[in-house]
Amino acid sequence: MDLGIAGRRALVCASSKGLGRGCAEALAAEGVEVVLNARAPEALAETAASIRATYGVSVQEIAADITTEEGRASVLAAAGTVDILVTNAGGPPPGNWRDWQRADFIAALDANALTPIALMTALVPGMCERGWGRVINITSVSVKSPIAILGLSNTARTALTGYVAGVARDVASQGVIINNLLPGLHATDRTISLDGMEADINNETVDAVRKRRMQSIPASRYGTAAEFGATCAFLCSEHTGFMIGQNILLDGGSFVSTL
Ligand code: NAP
């Protein structure tokens, strides 16, 4: 299927590794120019070089913390006009609800709700004027199925989901399509490090932890960044003009519901 987006320009935030990189690669494979972002410049430069060499598209990289005002300003200035925005950033730390203070919630909301909102505020008006745009927000399965130790994430991502539900419907008639992509467990650095932490806590091997976690997923495995990216690219395609403000779950069947 031709996704019809060759030659478009995409800003993919937090994309030197993991799910963000998966999205950038899948868009580049469709002939989309990509602007990559992450904090650590070395890994970012390596990813940019690899995508450039593999897909032959224009790739620009901007090292900055997307969750800060200065970081966003430098990314937006360098990115210029973009047709496709993929918002992403690291998730809030796990913990216990008894310990979370106002400052913890402010930090989580800043990173995982107000950052994507600021990026949409900056870029969606231009998309509306040009009559075409796609926005994908990488959120989490925790929006549908709360994870107790990730209460900061549950809170911030649900706030973003509520915002998107309204804005997506407001701009749909102007050719701008906004949807959220909700990852369950995927084999990224983050998941690998969580496997290691759980193994240490329970005095188990990493393999034992991984096997148990995979068995809890109906698909019996973790998702891959490539699968995640392919879904993202489809959501950014010409074919999704009637898909408005949806929350698309990619979790191997872990969230159990009939509808
Ligand atoms: P990952 O493998 O750790 O990759 C994170 C990427 O984001 C890296 O490129 C990292 O580079 C960049 N990044 C992190 N914080 C950033 C910031 N403040 N500014 C700019 N770039 C930043 O993580 P992932 O597994 O892909 O997860 C991506 C998002 O999905 C996270 O919010 C995570 O909580 C959520 N999620 C993931 C899963 C999963 O199973 N993987 C499940 C549910 C939700 P630098 O460190 O160099 O900045």
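Counting starts at 1 for both ligands and their atoms, in listed order.
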Can you sort out the partners of Thr139 under side-chain hydrogen bond (donor to acceptor under 3.5 Å, both in side chains), two or more places apart, ordered by chain and number?
none
Is a side-chain N or O of Asn154 found less than 3.5 angstrom from the main chain of Pro146, in a donor-acceptor match?
no
Which pairs of donor and acceptor atoms, one on a side chain in residues 222-229, lie under 3.5 Å apart (sequence neighbours left out)?
| residue | atom | partner | partner atom | Å |
| --- | --- | --- | --- | --- |
| Tyr222 | OH | Asp195 | OD1 | 3.0 |
| Tyr222 | OH | Asp195 | OD2 | 3.3 |
| Tyr222 | OH | Arg213 | NE | 3.3 |
| Thr224 | OG1 | Glu227 | N | 3.0 |
| Thr224 | OG1 | Glu227 | OE1 | 3.2 |
| Glu227 | OE1 | Arg221 | NH1 | 3.2 |
| Glu227 | OE1 | Thr224 | N | 2.9 |
| Glu227 | OE2 | Arg221 | NH1 | 3.4 |
| Glu227 | OE2 | Arg221 | NH2 | 2.6 |

Pick one: which of Leu27, Val57, Val12 meets side chain to side chain contact (heavy atoms under 4.5 Å, CB included) with Val32?
Leu27
Under a 4.0 Å heavy-atom cut-off, what residues line ligand 1?
Ala14, Ser16, Lys17, Gly18, Leu19, Asn37, Ala38, Arg39, Ala40, Ala64, Asp65, Ile66, Thr67, Asn88, Ala89, Gly90, Gly91, Ile138, Thr139, Ser140, Arg157, Pro183, Gly184, Leu185, His186, Thr188, Asp189, Arg190, Thr191
side-chain hydrogen bond (donor to acceptor under 3.5 Å, both in side chains) for Arg8 and Ser237? Distances and angles first, verdict last.
CA-CA 10 Å; Arg8 297 279 186 193; Ser237 76; over 6 Å; no
Donor-acceptor contacts under 3.5 Å from residues 110-120 side chains, at least two apart:
| residue | atom | partner | partner atom | Å |
| --- | --- | --- | --- | --- |
| Asn112 | ND2 | Gly90 | O | 3.3 |
| Thr115 | OG1 | Arg72 | NH1 | 3.0 |
| Thr115 | OG1 | Asp110 | O | 2.7 |

